[in-house]
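Reviewing the structure listed below.
Order of appearance sets the numbers: ligands from 1, and atoms from 1 within every ligand. In this chain, residues are counted from 1 in sequence order.
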Amino acid sequence: MIFHSVNELIGHTPLLELSLPVPNGSRILAKLEYLNPGGSIKDRLGQVLIKHGIMNGAIIPGKTTIIEPTAGNTGIGIALAALQYNLPVKLVVPAKFSAEKQALMRALGAEVINTPTKAGMQGATAKALELANKIPGAYVPNQFVNPLNPIAYQRTLGPEILADLGAEPLTAFVAGAGTGGTFAGTAKTLQAVVTPLYTVAVEPEGSILNGGSEHPHRTEGIGVEAIPPFFADVKIDEVQTISDQAAFSAVKQLAREQGLLVGSSSGAALVASMKVAEKLPANSTIVTIFPDGSDRYLSEGIYD
Ligand code: PMP
């Protein structure tokens with residue numbers, strides 16, 4: 001089969017059964033989202049945000065400046081989607097996020113504007129809105145509040161998982177939460193078809209979903225400073241809070257034992273899935289998401 005655009009290569013990632021001992025004879029199936037062309041789950045969102053903006057007239061091809069606050073992967077996804085319409089892109093990224101992700105955004109033609117790490121994603125969002133005020137007709141998709149964020153996953157990732165499973169049973173869905181779009185959108189699709197389904201959101205220590213206090217963490221891409229608005233209408237049975245140490249140790253284990261070169265939010269997803277398997281009935285099937293790859297974190301010593 002011959003493809004005609006990089007955009008056609010987004011999605012339809014493999015669902016891989018991990019070959020490791022899981023408690024209670026259960027199995028963990030991971031959706032390998034790092035195999036998207038921009039290297040992460042957020043390629044799906046970039047496509048939807050840009051295409052929808054064009055459809056509703058908020059984005060004019062060749063003209064509208066796109067401005068977005070991002071930890072990196074959404075920026076890469078948006079920059080990739082914007083290329084086909086020749087749109088200028090400005091991405092506002094807190095300084096702490098990996099140099100590789102910022103280099104990839106620039107490689108795709110985007111301008112990267114750093115905000116202080118201490119100001120968090122809220123600081124980056126404020127800066128993006130401030131910049132947009134100065135550029136006539138600029139468009140800020142704002143993934144943190146845009147309802148298209150969960151919808152992107154509800155319409156792509158969720159149905160793909162159901163199709164991948166075919167007639168196989170599904171017991172639980174486990175996914176990390178940054179904006180919460182991946183978890184909320186995918187869980188909605190799965191919950192509509194699979195009952196009962198046990199749903200678990202994953203956060204690092206330093207995120208507030210389980211009532212903990214906010215503090216810096218090394219696990220990149222997940223963790224929230226405020227409860228995502230997308231969680232208002234989705235059932236969450238449990239939040240698993242995973243330490244950086246456990247997530248990074250799982251990242252090394254996944255490389256050495258499975259040949260999977262994934263980022264720290266994937267490590268956290270694996271640790272959470274193993275914990276969930278301990279309390280689920282025997283022979284359960286757990287589906288989780290591996291959102292991106294480790295190569296964008298080498299400068300941060302992901303394997304050190
Ligand atoms: N893992 C990584 C590496 C990410 O970049 C993101 C997006 N911030 C997530 C997980 C979480 O995705 P979401 O924003 O949809 O909750």
Side-chain angles (χ1 to χ4, degrees), residues 13 30-36 38-46 48-49 68-78 91 93-94 96-98 100-102 104-105 120-121 124-125 141-158 173-189 199-204 207-209 217-231 234 236 239-240 242 244 247-248 250-251 254 260-272 288-297 300 302:
T13 54
K31 191 80 168 150
L32 303 184
E33 288 293 301
Y34 68 95
L35 295 174
N36 281 300
S40 90
I41 194 163
K42 293 291 188 165
D43 287 1
R44 298 174 185 271
L45 178 59
V48 170
L49 291 174
E68 179 73 351
T70 169
N73 283 330
T74 302
I76 294 166
I78 286 178
L91 301 166
V93 186
K96 73 165 177 181
F97 290 115
S98 93
E100 287 93 329
K101 283 196 282 195
Q102 301 192 42
L104 294 174
M105 290 182 237
M121 284 315 302
T125 303
N142 201 351
Q143 58 173 329
F144 292 94
V145 295
N146 193 327
L148 287 172
N149 180 348
I151 287 172
Y153 299 100
Q154 195 175 352
R155 292 198 185 150
T156 68
L157 191 53
F173 174 64
V174 177
T179 63
T182 307
F183 175 86
T186 311
K188 265 190 201 167
T189 304
T199 54
V200 181
V202 185
E203 64 170 6
S207 169
I208 56 120
L209 288 176
H217 47 82
R218 281 185 68 217
T219 306
E220 206 159 301
I222 56 171
V224 306
E225 295 164 20
I227 294 183
F230 315 129
F231 283 3
V234 68
I236 307 174
V239 175
Q240 280 276 348
I242 306 299
D244 285 341
F248 280 82
V251 158
L254 282 164
L260 294 175
L261 303 170
V262 292
S264 51
S265 69
S266 306
L270 174 62
V271 177
T288 193
I289 311 291
F290 285 175
D292 72 356
S294 58
D295 47 2
R296 56 196 55 196
Y297 305 106
E300 296 185 343
I302 188 167

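- Counting all heavy atoms, side chain and backbone alike, Glu68 lies closest to Asn142 at OE1-N, 2.6 Å.
- Here is the list of ligand 1 atoms found below 4.0 Å of a heavy atom in Gly181: 15 (O), 16 (O).
- Between Gly180 and ligand 1, at least one pair of N/O atoms sits closer than 3.5 Å.
- Looking from atom 13 (P) of ligand 1 to the surrounding protein, the closest heavy atom is Thr179 OG1, 3.3 Å.
- Each of the atoms 3 (C) of ligand 1 lies under 4.0 Å from some heavy atom of Tyr297.
- Contacts between Ser265 and ligand 1 below 4.0 angstrom, taking non-hydrogen atoms only, involve the side chain exclusively.
- Considering backbone and side-chain N/O atoms, Gln143 never comes within less than 3.5 Å of an N/O atom of ligand 1.
- Taking only nitrogen or oxygen atoms, main chain and side chain alike, Gly178 reaches within less than 3.5 Å of ligand 1.
- If you look at Asp292 next to ligand 1, the close heavy atoms, those under 4.0 Å, all belong to the side chain.
- Residues passing the salt bridge (Lys or Arg N to Asp or Glu O under 4.0 Å) test with Arg296, sequence neighbours excluded: none.
- In terms of modelled atom types and a separation under 3.5 Å, the side chain of Thr125 and the main chain of Pro69 share no donor-acceptor contact.
- Residue Asn73 has at least one N or O atom closer than 3.5 Å to an N or O atom of ligand 1.
- Using a 4.0 Å cut-off to heavy atoms of Ala177, the atoms of ligand 1 that qualify are 16 (O).
- Among residues two or more places apart in sequence or in another chain, the ring-ring contact (aromatic ring centres under 6.0 Å, His included) test is passed with Phe231 by Phe183.
- In summary, the side chains of Glu220 and Ser264 do not present any donor paired with an acceptor at a separation below 3.5 Å, with no hydrogens or angles considered.
- Counting heavy atoms closer than 4.0 Å to ligand 1, residue Lys42 contributes side-chain atoms (C-beta onward) but none from N, CA, C or O.
- Close approach of ligand 1 to Pro291 (heavy-atom distance below 4.0 Å) involves ligand atoms 1 (N), 2 (C), 10 (C).
- The nearest pair of heavy atoms linking Leu254 to Ser266 is CD1-O, 4.4 Å.
- Salt bridge annotation for Arg44-Glu33: present, with a cationic side-chain nitrogen under 4.0 angstrom from a carboxylate oxygen.
- At least one donor-acceptor pair closer than 3.5 Å links the side chain of Glu225 to the backbone N or O of Met121.
- For the residue pair Tyr297 and Asp292, a side-chain donor N or O sits within less than 3.5 Å of a side-chain acceptor on the partner.
- For ligand 1, the atoms sitting less than 4.0 Å from at least one non-hydrogen atom of Thr182 are 12 (O), 13 (P), 15 (O), numbered in the order shown with element in parentheses.
- Geometrically, ligand 1 and Gly221 share a nitrogen or oxygen pair separated by less than 3.5 Å.
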